[in-house]
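What you see below is based on every heavy atom in this structure, not just the backbone, and it leaves out hydrogens, waters and symmetry mates.
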Amino acid sequence: MNPPETTTLREKLSGTVITAADPGYDAARAVWNGDIDRRPAVVAECATREDVVTALAFGREKGLEITVRGGGHSFSGSAVADDGLVIDLGGLRRITVDPGARTAVVGGGAVWADVDETTQRYGLATVGGTVSDTGVGGLTLGGGFGWLTAKHGLTIDNLLSAEVVTADGRILRASEAEHPDLFWALRGGGGNFGVVTEFEFRLHRVGLAEVGLFFWTLHDAPQALRFAKDVTATLPPGTGSMLVGITAPPAPFVPPEHHLAPGLALVVAGFDGPERHARIVERIRDGLPAAFELVTPMPYAELQKLLDPTAPRGILAYEKSLYVSSLSEKVIDVIAARLPDKASPTTVMPIVPLQDTFSTVPDDATAFGGPRTPGFVIGLAATAPTPELLAADRAWARALWEELLPHSNNYGGYLNFMNEYDEDRVRTAFGAEKYARLAAIKAVYDPDNVFHHNANIRPAE
């Protein structure tokens, strides 16, 4: 788009308007996934919610494809589209904490590192992701798993309200009391219903995390998977945990002989004091000796950065996911057989237990497209520094997903953990009843399907 065509937008926007003719265009169009190389016509770097209204009206008037960027961290790169308008929320990162009410108001452009740093000043936190650079908006609207999920549910279970700019330019507050249909849809329905410029979260007392990381080599992977399955099933309620197919980093706590060794890690994070955690650690040590371990108290904000080295900004990335009701013998056999085939040292396979508070929330309480029964979500996150390694691990992820699919439940996978989602996959993820309800709400708030660069829900006719 030529600069003269954006004159009106530049005059009205308090933020910055960037086109291909402007300095900084390449930086403005970049997203976390370095495999995404799209050239939008306009990037509107919004500084206020009114800027969002202005940019949205401009995009619709010009007939542009409209995308929204919060943290820009999605594997799919849905924040940018060729020849489209990017509504960039990076200027909306203000965070306000009310320690007495234990709430936080978070701008739509914030990332979880922003939230964790701010709320931890008061000894508080809410359920965030497991990579600190992840955007608050995308993770929240898709559901949101984190180290606190066993204790406090999904991120959406801690969402109290949201400020939304709808497709027709209205600014609405959605909560249980105001526009409750929209509030229900936002909690799991993704970016289908508008631009969320502000989130209000419930906070919880969270002090030091007691962390235990135990690593077994590929030789012990089958036994480690079975052992970790038993451990996670019997952890004290509220203990965070994750199994990760991972390559050992060249970190100080890793013995040199295990640097860059592929294997399986079990991470447990306790939030109820060192004594309780010590009993968990003792049980793991006695049950299956690890190649190495890291057992230490850790500030919660640092725990949130534990997996950051696997997901640096600009890495080439691809991901698929699915849910399983249990780590059955067949699932374990498939994972153990295929884990050695991953090629890139940064590729990871997170296996997240879904239990405790997560599974106490009624299925129909939110739009979340996944089971609310105990089980696991398996992610196949191929990340690589080169196109050749990405191609190899993309093929690995797709093949492993196909092998695991017969053992999954009837859901289509966690949409935040996916690069590709066609309409059938989206319908399967939500199920027929939820999809129909979401489509009806979509018809109210976005009848023209303006917001469709996402796991799209078509408006009901």
Side-chain angles (χ1 to χ4, degrees), residues 75 129-134 145-147 209 211-229 231-232 240-269 284 288-296 298 302-312 315-322 324 327 331-332 334-353 376-386 389-390 392-394 396-397 399-401 404 414 417:
F75 277 76
T130 54
V131 171
S132 68
D133 190 40
T134 305
F145 298 111
W147 296 110
V211 178
L213 183 156
F214 303 86
F215 181 92
W216 295 274
T217 64
L218 288 178
H219 178 268
D220 294 322
Q223 188 179 2
L225 282 163
R226 293 181 178 91
F227 176 68
K229 170 189 173 182
V231 169
T232 57
S241 63
M242 184 189 299
L243 312 177
V244 192
I246 196 169
T247 299
F253 68 88
V254 179
E257 64 270 24
H258 293 302
H259 284 187
L260 301 180
L264 184 85
L266 169 62
V267 185
V268 291
I284 296 172
L288 185 64
F292 64 85
E293 65 177 49
L294 173 68
V295 176
T296 182
M298 187 179 293
E302 293 306 307
L303 170 63
Q304 289 287 83
K305 298 176 182 178
L306 192 63
L307 295 179
D308 281 9
T310 68
I315 197 85
L316 312 180
Y318 176 87
E319 188 170 32
K320 294 184 77 71
S321 72
L322 45 72
V324 294
L327 293 181
V331 169
I332 287 173
V334 170
I335 293 172
R338 298 305 177 200
L339 194 55
D341 296 336
K342 82 177 186 73
S344 173
T346 55
T347 289
V348 295
M349 182 179 187
I351 304 171
V352 183
F376 298 83
V377 60
I378 299 175
L380 304 168
T383 62
T386 67
L389 280 175
L390 179 64
D393 278 5
R394 183 192 292 117
W396 169 81
L400 181 48
W401 185 83
L404 289 171
Y414 180 40
F417 281 5

Query raised in the report: Is there a side chain to side chain contact (heavy atoms under 4.5 Å, CB included) between Leu380 and Trp396 once you walk through the steps?
Result: CA-CA 9 Å; Leu380 304 168; Trp396 169 81; 4.3 Å; yes
Query - Flag side-chain contact, heavy atom, 4.5 Å: Thr247 against Lys342 - result: yes
Query raised in the report: Are side-chain heavy atoms of Ile335 and Ile378 found at a separation under 4.5 Å?
Result: yes
Query raised in the report: Do the side chain of Asp308 and the main chain of Ser132 share a donor and acceptor less than 3.5 angstrom apart?
Result: yes
Query raised in the report: Between Asp393 and Ser344, do the side chains contain an N or O donor and an N or O acceptor separated by less than 3.5 Å?
Result: no
Query raised in the report: Could you state the interatomic distance from CD (Glu319) to OG1 (Thr347), rounded to the nearest 0.5 Å?
Result: 10.5 Å
Query raised in the report: So Phe145 and Tyr414, would you call those rings parallel, tilted or perpendicular, with 30° and 60° as cut-offs?
Result: perpendicular
Query raised in the report: Of Val267, Thr130, Val131, which is the lone residue that meets side chain to side chain contact (heavy atoms under 4.5 Å, CB included) with Leu306?
Result: Val267
**Report entry** Within-4.5 Å side-chain heavy-atom neighbours: Leu213 and Phe292
**Finding:** yes
**Report entry** Test side chain to side chain contact (heavy atoms under 4.5 Å, CB included) applied to Met242 and Val268, Leu307, Ile351, Leu266, the passing residue
**Finding:** Leu307
Query raised in the report: If you count the non-hydrogen atoms of other residues, nucleotides and ligands that lie under 6.0 Å from NE2 in His259, is the total more than 12?
Result: yes
Query raised in the report: Does a side-chain heavy-atom distance below 4.5 Å link Val334 with Leu400?
Result: yes
Requested in this report: Return the minimal non-hydrogen interatomic distance between Ala381 and Phe75, and the atom names on each side.
Outcome: CB-CZ, 4.1 Å
Query raised in the report: Any side-chain heavy-atom pair from Phe376 and Val331 closer than 4.5 angstrom?
Result: no
Report summary line: Heavy-atom closest pair (Ala336 atom, Pro222 atom, distance to 0.1 Å) is CB-CG, 3.7 Å
Query raised in the report: Does the Thr383 side chain pair with the main chain of Ala311, one donor and one acceptor, at a distance under 3.5 Å?
Result: no
Requested in this report: Write down the atom of Phe417, the atom of Gly379, and the distance for their closest heavy-atom approach.
Outcome: CD2-CA, 4.1 Å
Requested in this report: State, yes or no, whether a side-chain contact exists between Leu339 and Leu218 at a heavy-atom distance under 4.5 Å.
Outcome: yes
Report task. Using a 4.5 Å cut-off on heavy atoms from C-beta on, say whether the side chain of His258 contacts that of Thr217. Result -> yes
Query raised in the report: Would you call the rings of Trp216 and Phe227 parallel, tilted or perpendicular if under 30° counts as parallel and over 60° as perpendicular?
Result: perpendicular
**Report entry** Distance-minimising heavy-atom pair for Trp147 and Ser241
**Finding:** CZ3-C, 4.0 Å
Report summary line: Taking every heavy atom of Ala224 against every heavy atom of Leu288, the minimum-distance pair comes out as CA-CD2, 3.6 Å
Report task. Give, for atom CZ of Phe214 and atom CG of Leu243, the distance between the pair rounded to the nearest 0.5 Å. Result -> 12.5 Å
Query - Flag side-chain contact, heavy atom, 4.5 Å: Phe253 against Thr296 - result: no
Query raised in the report: Going from CD1 on Ile315 to OG1 on Thr346, what distance comes out if it is rounded to the nearest 0.5 angstrom?
Result: 4.0 Å
